[in-house]
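Down below is the structure, laid out as C-alpha cells.
First listed ligand is number 1; within each ligand, the first listed atom is number 1. What's counted below: heavy atoms across the whole structure, side chains too, no hydrogens, waters or symmetry copies. Residue indices begin at 1 and follow the sequence shown. What you are looking at is a predicted structure, and each value in this text was computed from that prediction instead of being measured.
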Amino acid sequence: MTDRIQEFLRSRTEDGPCLVLDLDVVRDNYNAFSKALPDTRVFYAVKANPDPQVLELLAGLGSCFDTASVVEIQQVLAAGASADRISFGNTIKKERDIARAYALGVRLFAVDCEAEVEKIARVAPGSRVFCRILCNGEGAEWPLSRKFGCAPELAARVLEHAHRLGLQAYGLSFHVGSQQRNPLMWDSALRSSAEIFRDLAERGIVLQMVNLGGGFPTKYLRDVPAVKAYGEAIFNSLRKHFGNKIPETIIEPGRGMVGNAGIIEAEVVLISKKADDDKVKWVYLDIGKFNGLAETMDEMIRYPIKTAFDGDTLEPCVLAGPTCDSVDVLYEKDPYMLPVSLEIGSKVLIEGTGAYTTMYSSVGFNGFPPLKSYVI
Ligand SMILES: *Cc1c(COP(=O)(O)O)cnc(C)c1O
C-alpha cells in the first residue's frame, strides 16, 4: 500500500469495488527489470493491464510491448510507441489480423507451427518470426499448460519453413509459467534453445534472439525472490548454454510489471453461517470471480487481504463473491483467515491486484458493472 493510494482511497466516496494503481510503482518495476537484465529489452505484456496511462508511462520509459490482438496493437500505438517496438506475440492469430498488424507496421510475430508460419508469409512478407517452444510450467502458480508452443524438436522445422518462405527466422520464445517462484526454471528452456540455435546454424540459418517470456512474480501472501535473482539466474544460464555467443534477449513481464502497483478496495456484503455447528463463516464481498478476481480460479492466486481489524484474533472463512453463480467462491478448499471482528459493511483491501484483474472482469454479469480502475 503506497501513501498515494491510501490518500486516494481516503477521499473516495463512490460506491462499489475499485482498483487503484500507482504509476510510481510501475516506474520502479520497469527500472528494476532494466537494471536486473541490462542487456535485455523489455516488452511489457499488455494483457496484464492495458490502461492507457500504464501504456503511456511505459512507452515514455522506452519499453517495447508484447501484444495479443490488433486492438492491443492499436492501444500501444495510441500510447505513443512506434510499431517497431511491438511484438504480435500470440501464437493464435487470424490471417486477417496478421495483415492488419502488418499494415500498422508490425514486423515481429510469434509462431508455434507451420500453418501459422504460412499465414505470416502470405500477408506479412519478410517479417521476423520467433518460434515458441513448450515449457512444462513446473514451479509456477499460474502454469500455462500445453496451449502455446511446440516441442523443441519441432521448432527447428517450423523456423526452417519460415526461412524457406522468405521470412526472417529470428529466434525462439518460451514462457516458464506465470508467477514463477523459482528463478532457475529458465535453465532447461535455455538449454533447449541453445540446441536449436546450433541445429539451425548447421543448416545455415542463424537465429538471433531468445524471448525469455514473462513469469516474473508479484508478492502475494508468500515471499518471492527479487528481480535481481532472476536476472542473475538467467544470465548464468545464458552463459552456460550459449558460451560467449549470448544472443539478443527480450523479456515480457506482465504480472511482475504491474501486479504490486495495484490495490482493490472492496466491501463485505454479508457474513453468515450455513449451520449452527459450522466451523467456518461465509464472508461475501462485493467483488468476486466475475468482476476482477478471476485468478482465484482453483484458488491458484491467493491475494493478501488487509482490514481495519488486523491484529485481532483470526478465524477461518470461506470467501465468496456477490453474484448468483455458485462458482463465484474465491477461497473454500483452503479457507482464508480473517479477523473475527470483521463486520458487514467493512472495507477490505486486496493487495497485489494490478495485473489480470480489470480486464478479466465481466461486462455486467448479474448486473454488476466491470471493475472500476483509477490510475494515479
Ligand atoms: C501473458 C504473457 C506474458 C506475461 O506473463 P506474466 O507471467 O504475467 O509476466 C508474457 N508473454 C506472453 C506471450 C504472454 O502470453
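Contact atoms of ligand 1 toward A45: 3 (C), 4 (C), 10 (C) (distance under 4.0 Å to a heavy atom of the residue). Taking a cut-off of under 4.0 Å to the non-hydrogen atoms of P253, the atoms of ligand 1 that pass are 9 (O).
Ranked by closest heavy atom to atom 5 (O) of ligand 1, the top entry among H175, K147, R255 is H175.
The side-chain tip of R302 points at the ring of Y331 from less than 6.0 angstrom away and within 45° of straight on.
Polar contact with ligand 1: present for G254 (N/O pair, distance under 3.5 Å). Between G215 and ligand 1, at least one pair of N/O atoms sits closer than 3.5 Å. Note: an N/O pair closer than 3.5 Å links E252 and ligand 1 by distance alone. Checked against a 3.5 angstrom limit, the closest N/O atoms of R132 and ligand 1 fall outside it.
Side-chain contact check for Q168 versus V129: every heavy-atom pair is 4.5 Å or farther apart.
In this structure, E202 has no side chain to side chain donor-acceptor pair (under 3.5 Å) partners at least two apart in sequence or on a different chain. In this structure, the side chain to side chain donor-acceptor pair (under 3.5 Å) partners of Y220, at least two apart in sequence or on a different chain, are R255.
Close to ligand 1: Y356, with a non-hydrogen atom less than 4.0 angstrom away. Put simply, no part of A48 is less than 4.0 Å from ligand 1, judged by heavy atoms.
Panel note: side chain N291, backbone L371; no donor-acceptor pair is recorded below 3.5 Å.
The ring of F290 has its center no closer than 6.0 angstrom to the ring center of Y360.
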